[in-house]
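Down below is the structure, laid out as structure tokens.
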Amino acid sequence: MFPLCHDIEQMMGRPIQSPKDFDLLRDSIYSRLRENISSHTLKHL
């Protein structure tokens with residue numbers, strides 16, 4: 001696993017696998033940074 005993916009999963013407290021997980025990650029990024037990023041873009045990372 002890539003270190004960035006591992007860090008993100010630790011921050012979220014769960015594996016990021018399903019489309020819903022990416023939506024939750026997108027919402028978490030927005031609430032922390034006030035930056036919009038699509039869940040589709042996150043899937044490509």
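These numbers come from a predicted model, not from an experiment.
Residues that satisfy the side chain to side chain contact (heavy atoms under 4.5 Å, CB included) test with H44, not counting sequence neighbours, are H40. By the salt bridge (charged side-chain N to carboxylate O under 4.0 Å, His left out) test, D23 is found to be paired with R26, residues two or more places apart in sequence or in another chain being considered.
For the pair D21 and R14, the tightest heavy-atom approach, listed with the atom from each and the gap, is OD1-NH2, 2.8 Å. Across M11 and L25, no two heavy atoms sit closer than the pair CE-CD1, 4.1 Å.
Contact check for K43 versus P19: side-chain heavy atoms found under the 4.5 Å cut-off.
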Using residues 29-36 as the side-chain source, report each donor-acceptor pair under 3.5 Å to any protein atom, sequence neighbours left out, with the distance given to one decimal.
unit_1 : atom_1 : unit_2 : atom_2 : d
S31    : OG     : D27    : O      : 3.4
S31    : OG     : S28    : O      : 3.0
R32    : NE     : S28    : OG     : 3.4

